[in-house]
There are 2 protein chains.
Amino acid sequence: MSHTEYPPFAVTADLVVLTIREDALCALLVRRAADPFAGCWALPGGFVGEDEDTDAAARRELEEETGLADGTVHLEQLASYGAPGRDPRMRVVTIAYLALAPDLPAPTAGSDAADARWWPVEELLADPGRLAFDHHRILSDGVARARAMPENATVFCRPEFTVAELRRACEVVMGTPLDPRNFHRKVTGRPGFLAPTGTMTTRDGGRPARLYRRSLVSRSSQSSDDFSTAPVR
Amino acid sequence: MSHTEYPPFAVTADLVVLTIREDALCALLVRRAADPFAGCWALPGGFVGEDEDTDAAARRELEEETGLADGTVHLEQLASYGAPGRDPRMRVVTIAYLALAPDLPAPTAGSDAADARWWPVEELLADPGRLAFDHHRILSDGVARARAMPENATVFCRPEFTVAELRRACEVVMGTPLDPRNFHRKVTGRPGFLAPTGTMTTRDGGRPARLYRRSLVSRSSQSSDDFSTAPVR
DNA sequence: TCAATAGTGTCTGTTAGACAGTATTTA
DNA sequence: TAAATACTGTCTAACAGACACTATTGA
């Protein structure tokens, strides 16, 4: 580019927020109050501020939408979407973020959202026309990413959780049943992955189970393989 | 955002183009002709056109810079970079792409580049102040991504290549020596990964080796594990 | 002949996954 | 006691990695 003229873009940070509710992977959607797509369900998000880092904008939107402090949530960049015409008003580039959150109370409707609620992703993915803009595609990409990293299923659990609870979270994310005994061995045998609290609980019934907390050991030292203990077809 | 006002951004598509030259992983850089950072080396790239898809802009820049037709090159989105102040002139959001290319003739200087050449990434990564803007960080992210997917090392090879040539490409990408025999068994034993051409070559010396072509079988059916046959320290 | 590289076979330790069996709670 | 869940042990098939060995070229 040899001269200083560049077309102006609007930039938004949009969120694929996933959680587990009633044994189903769910995504947070808001119902749009204004045109375009007024009344339609869409991913939460919004325009990036003039002096705002795009990552910071994502964190801000996340907190506005869920009320969640950072640290409880896993937040990472997903991808960018910049096809012309994806917003009928103007040229918009969207930077999508993937957020994995523990189960939350009913979400609060934001200022520009008529409504906000959790939807099972299976239902959403089955109907490509349900979401505004190209949000179906973004959601689909986000769910695929989440499924590819079941190691992060700990963020779907309470701060202190049992191995069985973590296993059920993994099962929901992956969509496959896992062998409880192999899962237990694998997950407890990985050094630095789970930190035992020393306490027990009987909230799952049966014999009391040890409670664990997510370990704070640096993630870099761990291989990123999953817990696939799928019992095969 | 309840009203229709959005700060304007410029959007660029920048490229981390990697190839292998003389057994070293190299990145394509251009020397900037204009301010800011005039005379400094930077990633190739440029502003996204008013009616241009961001992905298309990346492909266009790639072809302008390397003269390569699509199909010979592996191109994928890397990440977005949108911190305020990363371009001193104005607010710019950069969508970075990772391109893996076979060895190419000396690159042609573009219209806005005073010069263009390949640099060993090791040298570039060792000096964080060498590149313009935040391009050191982007390059670093791109190299990390490339190292994480040695399955794609075939794009660094000629259209028809031997197992040894593919192995050397993998070794360069991963930075580790690989056992030739185990590598051979693993790579030829993976169904649908390599397509034998039926011809042989002696260009590597010694006993003639079979030539292979990258197989066109859908990638989705393959597990994404690597070829790590590292002989350990 | 030797040197170099291609390609195959074989062994060993680790791991995934299947599943038996024991332990500890509530009803 | 039975039912439920937690946890441990063991077996097997597959696989990674180490390395011996044979095959086929050029010098």
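Numbers restart at 1 for each chain; the letters A, B, ... are given by sequence-line order, proteins then strands.
Here the C1' atom of nucleotide C/dG7 and the CZ atom of B/F183 are 14 Å apart, to the nearest Å. Spacing between atom CG of A/L178 and atom P of C/dA18 amounts to 10 Å, rounded to whole angstrom units. Atom P of nucleotide D/dA16 and atom CZ of B/R181 are separated by 16 Å, given to the nearest angstrom. Regarding A/E165, its CD atom lies at a distance of 12 Å from the P atom of D/dT5, rounded to whole Å. Between B/R190 atom CZ and D/dA16 atom C1' there is a gap of 13 Å when expressed in whole angstrom units. For A/R203 and D/dT5, the CZ to C1' distance is 14 Å, given to the nearest whole Å. The CG atom of A/L211 sits 14 Å away from the C1' atom of D/dT5 (whole-angstrom rounding).
Between the side chain of A/Q77 and the backbone N or O of B/S80 there is at least one donor-acceptor pair closer than 3.5 Å.
Shown here for A/A57 and A/V48, the closest heavy-atom pair between the two residues is CB-CG2, 4.0 Å.
The side chain of B/R185 sits closest to D/dA18 out of C/dC19, D/dA18, C/dA6. Of the listed nucleotides (D/dC19, C/dA16, D/dC7), D/dC19 has the atom at the smallest distance from the side chain of B/D179. Nearest nucleotide to the B/N182 side chain, out of D/dA18, C/dA6, D/dA6: D/dA18.
Here the CZ-OG1 distance, from B/R210 to B/T201, works out to 13.5 Å after rounding to the nearest 0.5 Å. Going from atom CD of B/E123 over to atom SG of B/C26 covers 9.5 Å, rounded to the nearest 0.5 Å.
Put simply, the side chain of B/R167 and the base of C/dA6 share no donor and acceptor less than 3.5 Å apart.
Phosphate proximity of C/dG7 to B/R210: present, with a side-chain N or O under 4.0 Å from OP1 or OP2. Listed pair A/H184 / D/dC7 meets the phosphate criterion, a side-chain N or O lying under 4.0 Å from OP1 or OP2.
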*asked:* I'd like to know whether B/D103 forms a side chain to side chain contact (heavy atoms under 4.5 Å, CB included) with B/I20, so could you lay out the CA-CA distance, the side-chain angles of the two residues, the decisive distance to 0.1 Å, and finally the verdict.
replied: CA-CA 6 Å; B/D103 196 357; B/I20 292 177; over 6 Å; no

_Base versus backbone protein contacts along nucleotides 22-27 of chain D [heavy-atom cut-off under 4.0 Å; B, S, -]_ = -BBB--

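Note that A/R21 lies outside the cation-pi zone of A/W119, set by a 6.0 Å cut-off to the ring centre and a 45° limit from the axis.
Checking each of B/N182, B/V163, B/L178 against B/V187 for a side chain to side chain contact (heavy atoms under 4.5 Å, CB included) leaves exactly one that passes, namely B/V163.
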